[in-house]
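Below is one structure, written out as structure tokens; comments come after it.
Labels below follow one simple rule: chain letters A, B, ... track the order of the sequence lines, proteins then strands, and each chain is numbered from 1. Hydrogens, waters and symmetry mates play no part in the numbers below; they use all other heavy atoms, side chains included.
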Protein chains: 2
Amino acid sequence: MTDTQDDTFVSGYLLYLLAASSEQASTQFHDHVRARGLRVPEWRVLACLVDNDGMMITRLARLSLMEQSRMTRIVDQMDARGLVTRGADANDKRRVRVRLTAEGRDLAESLVKDARRHETRLLSALADTDAARIKGVLRTLLDVLDKPDPA
Amino acid sequence: MTDTQDDTFVSGYLLYLLAASSEQASTQFHDHVRARGLRVPEWRVLACLVDNDGMMITRLARLSLMEQSRMTRIVDQMDARGLVTRGADANDKRRVRVRLTAEGRDLAESLVKDARRHETRLLSALADTDAARIKGVLRTLLDVLDKPDPA
DNA sequence: GTCGAAAATATGAAAAATCATATAAATCGA
DNA sequence: TCGATTTATATGATTTTTCATATTTTCGAC
């Protein structure tokens, strides 16, 4: 074992548990993503676009949990690399529609498969009851957080 | 509501749910931390040290979910600012023991109180069953992730 | 229609984070 | 006890990320 102190605060703090779980659960797969030649934010963009091609920059940024100006640059690089294309929206010239190229789609679909396999492995390492609960609990938390602050 | 598409992959993907929950749940409190004049990594250091004063750099880095070289610099800055002191370990001169100053401790304890209040509010926004489950589920996940890969 | 506000994206400059590696101390065997 | 390894921390160079703000387009009230 590494360090077992019965820390009074941190080790039981919800925000710590969330951050640490996310971090640790993602590490393996993120390594895999990098081994495939992508940075994590790029993988996120691909995953979003497989679900819904032609998203605009702002929405990609929200879903990928990052800032708009960063997303602009990431899309630039992915464009330069031939994974996506940028196109103007017909109805609103401010918007940039990001679309997968054939190459981008292949890579994206392949990684989504890998991600699903990895997720299955993760969940199967949990007891059935925990595996059944975890997504529901997190979804509920997200729902609650979306609602405007009652205060 | 913002964007409700029934995304096939991302919105139900465990690593997304974890990252998004962590991100969203933390935003409010992190804003509070910054309003108090600290960056998030600095708050994490303070929280660790309240639990266990005199930690070494490496352990602080692990617990705060960041790299050692980054932690070195963060501790430097906190030292310069008078929140912590750096002292050599008596038995092992490689180690740097980081300790709270009086000022650092005051700030840390005050923020821990704030964090607890915030956590209580978060949990109370969940249904009782979810609130009761969430920490347990996350702890289980962390436990599982700590174990060496069975593959 | 026109004007002011809001929305979407882009960009330069600054700050933060990472990476590779250096240094120094402890540990472990032969 | 010497040398090879490992552990702990530090640091220079580079890459990422953020921040503030500019630009362009749309929207809404009048």
>> Side chains of B:Leu60 and B:Arg44, heavy atoms from C-beta outward: is any pair under 4.5 Å?
In response: no

>> Would you say that A:Arg105 contacts A:Asp53 through its side chain, given a criterion of any heavy-atom pair below 4.5 Å between the two side chains?
In response: yes

> In whole angstrom, what separates B:Ile74's CD1 from C:dT18's C1'?
Replying inline: 12 Å

> Roughly how many Å is it from CZ in A:Arg95 to C1' in C:dA8, rounded to a whole number?
Replying inline: 8 Å

> In whole angstroms, how far is the C1' atom of C:dA17 from the CG atom of B:Asp76?
Replying inline: 15 Å

>> What I'd like to find out is whether the side chain of A:Val50 reaches to under 4.5 Å of the side chain of A:Leu111, using heavy atoms alone.
In response: no

>> Rounding to an integer number of Å, can you tell me how far A:Leu60 CG sits from C:dA8 C1'?
In response: 13 Å

> Could you give the CZ-to-C1' distance, from A:Arg39 to D:dT16, as a whole number of Å?
Replying inline: 8 Å

>> Going by the rule side-chain contact (heavy atoms from CB on, under 4.5 Å), which residues pair with A:Asp76 if we only count those two or more places apart in sequence or in a different chain?
In response: A:Thr72, A:Arg86

> So, for B:Gly82 and B:Glu103, which heavy atoms are closest and what is the spacing to 0.1 Å?
Replying inline: O-OE1, 3.7 Å

>> How would you summarise protein contacts on nucleotides 18-25 of chain D per nucleotide, using B for base, S for sugar-phosphate only and - for none, with heavy-atom distances below 4.0 Å?
In response: BB----BB

> How is A:Met71 classified with respect to the nucleic acid when contacts are heavy atoms under 4.0 Å: base, sugar-phosphate, or nothing?
Replying inline: nothing

>> Going by the rule ring pair (Phe, Tyr, Trp, His ring centres under 6.0 Å), which residues pair with B:His30 if we only count those two or more places apart in sequence or in a different chain?
In response: none

> Which whole-number value in Å describes the distance from B:Leu38 CG to C:dA16 P?
Replying inline: 13 Å

